[in-house]
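Remarks on the structure that follows.
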Amino acid sequence: MLPAMTTSVATSPLAIHGGSKAVTVDMPDLFHWPIVTKEDEDAVVAVLRTGRMSGTEITKEFEKEWAAFNQTKYALGTCNGTAAIHAAMWACGVGAGDEVICPSMTYWASAAPALMLGAAVNFADIDRDTLCINPADIEHRIGPRTKAIVCVHYTGHPCDMDAIMPIARKHGVKVIEDVSHAHGSLYKGRMVGTIGDIAPMSMMGGKGFAAGEAGMIVTNDHALYERAVAFGHYERTGVAPRYNPADTSVTSADLKTYAGMPMGAAKHRMNQTCSAFGRSQLKRFPERLQIIQSAMNRFWDLLDGVPGIKAHRPAKNSGSTMGCWYAAAGLYRAEELDGLPIEKFCEAVTKEGPLCGPAGNLALHLHPYFHTADIFHQGKPTMIAFGQRDVRQGPGTLPVSESIRKICFGIPWFKHDRPEAIKQFATAFRKVAENADALR
Ligand SMILES: *Cc1c(COP(=O)(O)O)cnc(C)c1O
């Protein structure tokens, strides 16, 4: 006898209206990250047993391996990504009275270190398909004191570097790639972080490449590399402190004048339990990247053509990838669903099984920090206290960034490629989008 026909899940009533849930699998490890093996544990414990958490020998090995992976000449380990960005900005010459251009929709650390250097941030809008800085919103912001453009490869999506680099070169402005979301992403076949001048990144515990609280700076430019070293690695300017032998990372005579002191009055050394863990993770990373890409592309392929939602990924066959799809997101197009509010869409998806909500970082240009904060106690907002142009911007100036929580929602970030489970998750989104009428 043939099994009784069951109504397909996609045509059953929405779970929010009492129908059956699209997702029935219970697989917490599908999302668990980072994946920690016995080998990773042994690597960390070995550091604890040697008592050399503050050494640099393991970090230097990790730097060499990361430079090879990222296809750059130099890599410098730091204590976190925020420190890496701070050092990279200083390396690029950002100082008091200067400006940097940065997308408004990003984590604060892409921008805030500029203020600690006495500079202002001129925020640019993002593109609604890439969620990265809109190249058309950059050039008119460049002024005589603009030193750098920060590009954030948002949730792994590479920025439009072919449009950005010529603008930067024309005006003699450095390009800082913030790779914190995009370890292993390709832009037209090239690793992100190799296209601009210098690329700081986070390796914080929740990131796509997680080494604990850690960061890395990569560059092909020796002058920028040694300035980054000099900013926060006092022991790598030719001076031997208690834990580490003298090294010769810094060769510039100017910088060697201050050997033994960090120019940034900052200590950016990576804890070696993190570098040991990072080295161990890196061995498996290329393989895990492929698995994640296969899983995430499978999810979106199943949703191709569904109204109201659009994949946040580069075109196929462009040579560009999403790397490890950090904090994976979808693009919401309410206009294709007769204006169904994103909150209602997400609530109905969550009832089907996947945790879903409006996503993306809140626009930084509206935060009071970038308007009134007086960090240096000068009686003036730091954004203008060093003679910078007043580039502060109010509501309505960067509409795409300001609307991020209306146009972007969280999607499952798969760490394993399990077709049956992924299909269920995709069905949850399809079912809600195709039954949007029932939600209005
Ligand atoms: C996480 C993050 C950082 C900061 O890195 P930390 O390691 O947390 O200091 C910088 N930029 C972006 C875009 C990030 O997501």
Side-chain angles (χ1 to χ4, degrees), residues 33-34 59 62 66 70 75-92 94 100-117 121 123-124 126-127 130-133 148-159 164 175-185 192-193 196 198-218 228 231-232 264 266-271 273-275 277-278 281 312 322-329 359-365 367 369-370 401 404 408 410 413:
W33 196 253
T59 303
F62 184 30
W66 190 265
N70 213 144
L76 176 67
T78 59
C79 53
N80 58 44
T82 305
I85 293 168
H86 197 186
M89 283 183 178
W90 185 79
C92 287
V94 177
V100 305
I101 294 171
C102 179
S104 176
M105 202 283 295
T106 179
Y107 183 67
W108 58 260
S110 306
L115 270 64
M116 276 315 282
L117 294 169
V121 183
F123 286 107
I126 54 164
D127 175 90
T130 66
L131 304 183
C132 297
I133 192 166
I149 300 165
V150 179
C151 302
V152 184
H153 305 292
Y154 201 78
T155 69
H157 196 302
C159 297
I164 295 165
V175 171
I176 299 172
E177 292 180 70
D178 182 345
V179 180
S180 300
H181 294 186
H183 315 90
S185 288
V192 299
I198 190 166
M201 68 195 78
S202 173
M203 292 181 169
M204 162 269 193
K207 291 280 154 71
F209 185 89
E213 277 292 299
M216 194 70 87
I217 300 173
V218 297
F231 190 76
K267 187 162 171 251
H268 284 177
R269 190 192 301 156
M270 191 188 292
N271 177 325
T273 54
C274 293
S275 24
F277 181 68
Q281 283 280 304
H312 177 232
M322 294 289 287
C324 41
W325 292 75
Y326 172 71
N361 291 96
L362 292 174
L364 292 173
H365 72 284
H367 196 286
Y369 182 83
F370 295 101
S401 299
I404 188 66
C408 176
W413 181 16

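For ligands, and for the atoms within them, numbers begin at 1 and follow the listed sequence.
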- Message: Need the ligand 1 atom indices (1-based, order shown) with element for anything under 4.0 Å from a heavy-atom of I85.
- Response: 10 (C), 11 (N)

- For the pair H181 (side chain) and T155 (backbone), establish whether a donor and an acceptor sit closer than 3.5 Å, ignoring hydrogens and angles. yes

- Do any nitrogen or oxygen atoms of Y326 come within less than 3.5 Å of a nitrogen or oxygen of ligand 1? no

- What's the shortest distance from atom 7 (O) of ligand 1 to any protein heavy atom, and which residue and atom give it? S202 OG, 2.6 Å

- Flag, side chain of D178 to backbone of Y154, donor-acceptor distance under 3.5 Å: no

- Query: N/O to N/O below 3.5 Å, does that happen between G81 and ligand 1?
  - Reply: yes

- Query: Starting from atom 1 (C) of ligand 1, which protein heavy atom do you reach first, and at what distance in Å?
  - Reply: K207 NZ, 1.5 Å

- Task: Give me the ring orientation class for H268 and H86: parallel if the planes are under 30° apart, tilted from 30 to 60°, perpendicular past 60°.
- Result: tilted

- Message: Taking the side chain as everything from C-beta on, heavy atoms only, tell me whether L364 gets closer than 4.5 Å to Y369.
- Response: no

- Going by the 4.0 angstrom heavy-atom rule, the piece of E213 near ligand 1 is neither

- Message: For ligand 1 and Y107, I'd like to know whether there is a polar contact (N/O to N/O, distance under 3.5 Å).
- Response: no

- Item | N/O donor-acceptor pair under 3.5 Å between W33 side chain and G208 backbone | yes

- Task: Taking S180 for its side chain and S202 for its backbone only, find out whether a donor-acceptor pair lies under 3.5 Å.
- Result: yes

- Message: I'd like to know if the side chain of S185 reaches the main chain of G156, judged simply by a donor and an acceptor atom lying under 3.5 Å from each other, with no hydrogens or angles considered.
- Response: yes

- Query: What is the closest protein heavy atom to atom 9 (O) of ligand 1, and at what distance does it sit?
  - Reply: T82 OG1, 2.6 Å

- Got an N/O contact under 3.5 Å between D178 and ligand 1? yes

- Task: Under 4.0 Å from a heavy atom of T106: give me the atoms of ligand 1 that qualify, with their elements.
- Result: 13 (C)

- Item | Non-hydrogen atom of G215 closer than 4.0 Å to ligand 1 | no

- Message: Heavy-atom pairs closer than 4.0 Å: do any link ligand 1 to the side chain of N80, the backbone, both, or neither?
- Response: both

- Task: Please write down residue, atom name and distance for the protein heavy atom closest to atom 15 (O) of ligand 1.
- Result: H181 NE2, 2.8 Å

- Query: Any donor and acceptor pair, going by atom type alone, linking the side chain of W413 with main-chain N or O of W325 inside 3.5 Å?
  - Reply: yes

- Item | E177 (side chain) donor-acceptor with A199 (main chain) under 3.5 angstrom | no

